[in-house]
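Structure first, commentary second.
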Amino acid sequence: MNQEEAENCREDMEIDGNEPEMPAQRHADIIPDGFNANYLKAYYGKVFPHSDIFKWMCYGHDGKHPGCDPTYLSRREFSFTLDNDIYLRFQSYTSAYELESSIKEKCPFKIDIGPVYSVNPAKRHAYAQTGDNVFTPVERELIFDVDITDYDDVRFCCSGADICLDCWPLMTVAIKVIDTALRDDFGFNHILWVYSGRRGVHCWVCDGKARRLSNEQRAAITDYFRVYKGNENSNKKVSLVGPVLHPFLARSYTDVLRDFFEGKVLLNQNILSTEEKYEKILEMIPDESVAAELRGKWQEKRKAKDDINVVRWEQLKSLLHSGKFKHIQGLRRCIEEIIFSFTYPRLDMEVSKHMNHLLKAPFCVHPKTGRVCVPIDPNNCEEFDPTAVPTLSQATSARTQHERFES
């Protein structure tokens, strides 16, 4: 690693998925059975879709079409994470052959994609010597990052980076809500959803008008999705203001969130099954007298034919809708706010606001799980099973077996 590459590692680092680890633990923890560095050479040689990634990143600027910009791809930043957490930033390529050759040669543990800059990022130091600040991002997909760890306060089956089929549907809901809004409310059409390889999903909005948005415009779109007002210490994290819900929120609530909460979350997460859990719900009720009445009902020892979570939820809805407490301000939206708190997408806002953020490339391999970052069809996202996604070893072995069969 030369001096310039070492400098690259420290410049404006905003790379997806790099959590700090204790040096003594690092290598033992990040190489699971599914990720074997020895398979990378075969994976990049026979499985990774180099030509498709190149075609996507060009957006028609491949030198073969009239009016295309032949410098377009050479101004796109690629970042490689090598063994021992060595980062090579500001890599750039002028052809599909160069890109493929570099990936095969370096065999990166992870590939991140950054923005298109005003000049070739690999030559940015030469431009800096002119005294003009010409090195700046000018184009980048509008991206969204949803991470299951941000739901740890409302899921009880797993925590941290662990996922299962009981909590993964939270990612399915996020895809449905965000994808519909991007298409129907903003008019975007070219949207790619990708499994992050471990604990979340990434969204790439690739329309030309999306790629050319300024940071201020990206921030405005990101704020459109914001409903979380509190912090980790707040009892009430969601605040739905105004006499009626915004049409986007109303559509999300009636089409997706309400049924998902009552049909999946209540039962899968057992959120009202114990005192410890239901107290979190009662804390969201803005009046203690109402919470106390429900607490009294829920502390009674009764045998219920139906699931206790469903019974208690129906009691909560019945009491709040009864009109008994209609004089208490803030109760009218309480049910909606509880449902939003448990189900509404939790975005990493900073990822979407800034053009210079790096995001893991589709079809690369997550170095901590070994799973391939495969695309997700938003129209059939309920069918996606993250536990069935092939690992590096499985993908490479399957390709080898296929070649042997054909020969």
Side-chain angles (χ1 to χ4, degrees), residues 12-21 77 79 81 87 110-115 137 140-155 158-163 167-182 186 188 191-206 210-211 213-234 237-238 248 252 257 340-362 364 366-369 373 375-376 378 381 386:
D12 299 324
M13 291 296 289
E14 290 190 51
I15 302 179
D16 160 70
N18 291 312
E19 305 101 0
E21 298 187 50
E77 176 187 2
S79 170
T81 303
Y87 301 111
K110 187 161 73 82
I111 302 172
D112 288 284
I113 298 175
R140 206 269 186 275
E141 295 80 7
L142 175 63
I143 57 178
F144 296 92
D145 183 4
V146 191
D147 196 327
I148 195 70
T149 57
D150 291 328
Y151 294 78
D152 277 357
D153 63 313
V154 295
R155 63 175 183 146
C158 304
S159 63
D162 294 333
I163 58 171
C167 58
W168 180 258
L170 289 164
M171 297 295 97
T172 300
V173 166
I175 292 174
K176 288 182 175 182
V177 169
I178 298 170
D179 190 81
T180 299
L182 290 172
F186 291 97
F188 296 128
I191 302 172
L192 174 66
W193 286 93
V194 182
Y195 171 48
S196 72
R198 190 183 192 194
R199 60 192 184 193
V201 293
H202 297 156
C203 176
W204 303 70
V205 186
C206 304
R211 303 197 310 269
L213 291 169
S214 67
N215 285 341
E216 292 75 18
Q217 291 169 326
R218 292 166 194 265
I221 291 176
T222 304
D223 285 339
Y224 181 81
F225 291 100
R226 186 190 299 274
V227 300
Y228 293 98
K229 309 296 182 182
N231 55 43
E232 61 182 10
N233 298 318
S234 303
K237 293 184 172 64
V238 171
F248 155 63
S252 300
L257 304 182
F340 270 85
S341 295
F342 276 82
T343 62
Y344 187 79
R346 301 186 176 193
L347 301 174
D348 185 337
M349 296 292 182
E350 296 307 311
V351 170
S352 305
K353 289 180 179 180
H354 303 293
M355 199 181 297
N356 66 340
H357 194 94
L358 295 168
L359 193 64
K360 194 184 302 99
C364 75
H366 196 293
K368 295 188 179 180
T369 64
C373 301
I376 301 173
C381 53

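One is the number of the first residue; the rest follow in order along the sequence.
One distance of note links CG of Asn215 with CG of Asn356; it measures 7.0 Å at 0.5 Å rounding. A distance of 4.5 Å separates CG of Leu347 from CD1 of Ile178, quoted to the nearest 0.5 Å. We find the CG-SG distance between Leu192 and Cys203 to be 8.0 Å, quoted to the nearest 0.5 Å. If you take NE2 on His354 and CZ on Arg218, they are separated by 11.0 Å, rounding to the nearest 0.5 Å. Remark: Phe225 CZ to Phe144 CZ distance equals 5.0 Å, nearest 0.5 Å. To the nearest 0.5 angstrom, Glu141 atom CD is 12.0 Å from Phe188 atom CZ.
A 4.5 Å side-chain heavy-atom check between Arg346 and Val154 finds at least one atom pair inside the cut-off. A 4.5 Å side-chain heavy-atom check between Tyr195 and Cys373 finds every atom pair outside the cut-off. Looking at heavy atoms from C-beta onward, Phe342 lies out of side-chain contact with Val173 at the 4.5 angstrom threshold. Between Lys360 and Asp112, the closest side-chain pair of non-hydrogen atoms falls below 4.5 Å. Side-chain contact between Leu359 and Val194 is absent, with no heavy-atom pair separated by less than 4.5 Å. Side-chain contact check for Ser341 versus Val238: some heavy-atom pair is nearer than 4.5 Å.
Shortest non-hydrogen contact noted between Ile148 and Gly160 is CG2-O, 4.1 Å. Of all heavy-atom pairs between Thr369 and Arg198, the closest is CG2-CG, 3.4 Å. Here the closest non-hydrogen pair linking Ser214 and Met355 is CA-CE, 4.3 Å. When every heavy atom of Tyr151 is checked against every heavy atom of Pro345, the shortest pair comes out as OH-CA, 3.2 Å. The nearest pair of heavy atoms linking Trp204 to Arg140 is CZ3-NH1, 3.5 Å. Smallest separation of non-hydrogen atoms from Ser159 and Asp152: CA-OD1, 3.7 Å.
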Just do the side-chain contact (heavy atoms from CB on, under 4.5 Å) check on Val201 and Trp168 with the steps written out, would you?
CA-CA 10 Å; Val201 293; Trp168 180 258; 3.9 Å; yes

Can you list the steps and then say if Phe248 with Thr180 is a side-chain contact (heavy atoms from CB on, under 4.5 Å)?
CA-CA 9 Å; Phe248 155 63; Thr180 299; over 6 Å; no

One pair to check against side-chain contact (heavy atoms from CB on, under 4.5 Å): Val351 and His202. What are the steps and the verdict?
CA-CA 10 Å; Val351 170; His202 297 156; over 6 Å; no

Kindly indicate, with the supporting measurements, whether the criterion side-chain contact (heavy atoms from CB on, under 4.5 Å) is fulfilled by Glu350 and Thr222.
CA-CA 9 Å; Glu350 296 307 311; Thr222 304; over 6 Å; no

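Looking at Ser352, its side chain does come within 3.5 Å of a backbone N or O of Ile143 through a donor-acceptor pair. Arg211 contributes a side-chain N or O that, together with a main-chain N or O of Cys206, makes up a donor-acceptor pair within less than 3.5 Å.
Using a 30° and 60° split on the angle between ring planes, Phe340 and Tyr344 fall in the tilted class, from 30° to 60°.
Checked for salt-bridge contact, Lys176 and Asp179 miss the test: no charged N lies under 4.0 Å from a carboxylate O.
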